[in-house]
Structure formats: structure tokens, C-alpha cells
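This report concerns only the one structure given below.
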Amino acid sequence: MKTSIRNPPQALAAALAILSRGELVAFPTETVYGLGADAGSERAVRRVYQVKARPPDDPLIVHVCDALQAREYAGDFPAAAVILAERFWPGPLTLVLRRGARISPAVSAGLDTVAIRAPSHPVARELLSRFGRPLAAPSANRFGHTSPTTAQHVLAELAGFIPLIIDGGPCGIGVESTVLDLCDDGARILRPGAVTPEMIADTLRRAGLAAKVTMADRHAGDQIGGWKSPGMMVRHYAPQTPAYRFAAAQGPRVRRWLARQPADFHMALLCFPDCPVLDQRERRIILPPEASACARRLYAALRQADELACSAILVQLPENTDGLWTAILDRITRAAPELPP
Ligand code: TXA
Ligand code: MG
């Protein structure tokens, strides 16, 4: 199958025809590119799993125009969902709610819940409003790989597997949406993103709702049978080259590790501007020291490092852990295990 990259608005008519036939279209969102399928078509949804090589028990996010459409597909829409959708939709917040009867069980991987969000990217909005029905859309990458933030990244992942990629330019946020579980009592963040726990708690508090927002245990994803959100699996968003993370304070560990490497070893170093030179054989890719710029750049930088075909990639962890840095830290931690001592 030939995969074409086309610009909006011309690409939209073609995209609608393809989606209506039960085939897949990659489209831009403000977070990362999505691999869209008619959420009402069992066949289209199955094709998503097949194309991504995604395990059948890892549920997809359903994309809608707005809260009104979300209400038609969720089993219930609790007060917290109403308030949060009003404040953060369209935008990078996914709500996990009870699954309604109109959502194919395949989308939810058999769970009785469904993850729903209304994206804010104008191309995604136009596509959803003209399609008139929700689109199931995971990130448009092969399972476990780095999420795509440009149309060219999608092509690198899925060329030959899908007919069309709509090119909406680079994604503005660059890391996936915050996933918030509202099914049990309270609000629990399953995946950190641009909508932070503070923003959620603050919004709920102002509305007079209980404002306790908890973070799911990030290792819970590894407990067989007990996992709530498979995207929490520890190894995820990973480049192909062996990649390791390190903190600024771990200079001695990095130097010990480098000393053990063979003579032909050369590394790609993803680091912040103040990182000292660690090795003569490093190829340096700088991550911006400001959180939103860093999030926007992170996945492209990981891909760039991968393309250098080095022996290994070393990624520096940010020192700051608040706000959007939590999501950046989470993605680096999943993309790259800790450097061995
Ligand atoms: O920003 C985003 O959310 C992007 C764009 C394309 O919208 N999408 C995305 O989808 O990141 P995906 O499939 O790569 O990640 C979906 C995450 C996974 O961690 C999945 O396990 C979780 O959402 N999820 C989906 N349905 C769920 C459910 N019913 N309960 C708990 N977690 C769920
Ligand atoms: Mg993904």
C-alpha cells in the first residue's frame, strides 16, 4: 500500500472517504499524531491493533468534538467530568469513564471503561466535526516506539500500512495527553501530561468538588493482571538504539560506564545546555531548558539520536520535576532505563 502525506484542507475529503470505508488515517493533534479509525467499526478498530502491532488488551482513546458528543458515548458523565471538560476541552486531557453501549468493546479492549478526549488541533477538530462520529486513535507509532510529532515521523513508523497521513506540521505540545481516571472515587492520573494534577485539583476545588487528585503508581503497569492502564508499562516510547538515562549528579557513574565501553564506541547525548562534556566520542543533541519547549522537542530529539546510529543514547533527566516536567520525566524514564552502576 502506498502511503501519501497530504496537507489540509485538500486532504480532509480523502480522509473522510478512507475512514468511512473502515480504513485508517493518521492526523495531527496538539499532543502527538494519532492513527484514526471509525470508533464504531469493529473492523477498523481491529486494523489499528494490527497496524501498530499493539497487544489486544491495550485500550484506545476515543476522540470526540466536544462534551456533548462525549456524553453520547460514555456510560455516565459525572460532575467532575462536566467541570473538567468545560475547563480543559478541547485540549490535552483524556477522561476514563464508564463505557457506553455505543462504544465497541474492541476500542476498550474489553474493559467496561472508555478513555475519551476532545483534541484542540484545528485539523483534528475539522476532521471530527465533518466525520460526525468519534474516532478511536492511539499515537501513530508501532507499539512501544517513540510517538510521532510530525507527519514524517508517522511515515517512518507506518509507511506501507496506511493510505494517508494528514500533515498538520509539528505538534504544539509534543507529549501525549494527561489520562485521568474518574471511574472510582476521586480522580487518579494514569499518565501525566500537559494538564497537571495542580490544574485539575484547582479546577475541581473552584467548582466545589472534592479536589483530591492522586497519581497512579507508575510501576503498577508491570503487575501482570493488575494493571489499570497498559500505557503505564515501564518500557515504552523507546528508540531502537540502546538508551540509558542519567541524572546530572551521576557524573561519576557515567564516566565509569564510559570507561567500560569498547574503543569504537560512540554515543548520542541528549542533554540540557549546562551538561559537561562527558566523552570525546559524544554527538550532542540539546534539550531546551524550558518545559514546554522541551516537551515539544523531546520525541524528535530521540528520533534524531536514533538516526545517528550510535552505539548508545544517553539521556539526561531534568532537575525540575513540577508541572509539565513530570510528563517529560515520565516519558524519558520509560524510553530509557537507568544507566547501570
Ligand atoms: O495525546 C494522546 O492521548 C494521543 C493523541 C493521538 O490523542 N493518543 C495516545 O493514545 O497517546 P495511546 O493509545 O498511545 O495511549 C492511550 C493511553 C494508554 O496508556 C492506554 O492504556 C490508556 O490511554 N487507556 C485507554 N483506554 C483506557 C481505559 N479504558 N482505562 C485506562 N486506560 C486507558
Ligand atoms: Mg502511544
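Quick caveat, the model's predicted, so the values are computed rather than measured. Worth knowing before you read on, the calculation uses all heavy atoms, side chains too, and leaves out hydrogens, waters and symmetry mates. Both counts, for ligands and for their atoms, begin at 1 and track the order of listing.
- A salt bridge is defined here as a Lys NZ or Arg NE, NH1 or NH2 lying under 4.0 Å from an Asp or Glu carboxylate O, and R133 with D38 meets this definition.
- For an aromatic pair to be called close, the ring centres must be under 6.0 Å apart, and W257 with F246 fails this.
- Residue contacts with ligand 1 for T113 involve both N, CA, C or O and side-chain atoms from C-beta outward (heavy atoms, distance under 4.0 Å).
- By the 3.5 Å distance cut-off applied to N or O atoms, H63 is counted among the residues near ligand 1.
- Residue contacts with ligand 1 for R98 are absent, since no atom lies close enough (heavy atoms, distance under 4.0 Å).
- The distance from ligand 1 to the heavy atoms of L190 drops below 4.0 Å at these ligand atoms: 31 (C), 32 (N).
- Residue D185 places its CG atom among 12 or fewer non-hydrogen atoms of other residues, nucleotides or ligands, all under 6.0 Å distant.
- On a distance-only criterion, K52 and ligand 1 share no N/O pair closer than 3.5 Å.
- When each atom of ligand 1 is checked for a heavy atom of T31 under 4.0 Å away, the hits are 1 (O), 2 (C), 4 (C), 5 (C).
- For R284, the CZ atom sits in a packed shell: over 12 heavy atoms of surrounding residues, nucleotides or ligands are nearer than 6.0 Å.
- Each of the following atoms of ligand 1 lies closer than 4.0 Å to a heavy atom of R191: 2 (C), 3 (O), 9 (C), 11 (O), 15 (O), 16 (C), 17 (C).
- Side-chain contact annotation: T149 with R297, donor-acceptor N/O pair under 3.5 Å absent.
- For ligand 1, the polar-atom distance check against S177 finds a nitrogen or oxygen pair separated by under 3.5 Å.
- Residues that satisfy the side-chain contact (heavy atoms from CB on, under 4.5 Å) test with A79, not counting sequence neighbours, are L209.
- Salt-bridge annotation for R117 and E30: present, with a side-chain N of the basic residue lying under 4.0 Å from a carboxylate O of the acidic one.
- For the pair R54 and ligand 1, the shortest N or O to N or O distance falls below 3.5 Å.
- Contacts between R99 and ligand 1, counted as non-hydrogen atom pairs separated by less than 4.0 Å, are absent for every part of the residue.
- E72 pairs by the salt bridge (Lys or Arg N to Asp or Glu O under 4.0 Å) definition with R102, not counting sequence neighbours.
- Every atom of ligand 1 with a heavy atom of E176 under 4.0 Å away is listed here by number and element: 1 (O), 2 (C), 11 (O).
- Taking the six-membered ring where the residue is Trp, F77 and W89 present tilted rings, their angle falling between 30° and 60°.
- By the criterion of a heavy-atom distance under 4.0 Å, neither the backbone nor the side chain of D181 is placed next to ligand 1.
- Between the choices S139, G174, G34, the shortest heavy-atom distance to atom 10 (O) of ligand 1 belongs to S139.
- Under the 3.5 Å distance criterion, with hydrogens and angles disregarded, no donor-acceptor pair is assigned to the side chains of T150 and R303.
- The nearest N, O or S atom of N141 is not closer to the Mg ion (ligand 2) than 2.8 Å.
- At under 3.5 Å, a nitrogen or oxygen of D58, whether backbone or side chain, sits near a nitrogen or oxygen of ligand 1.
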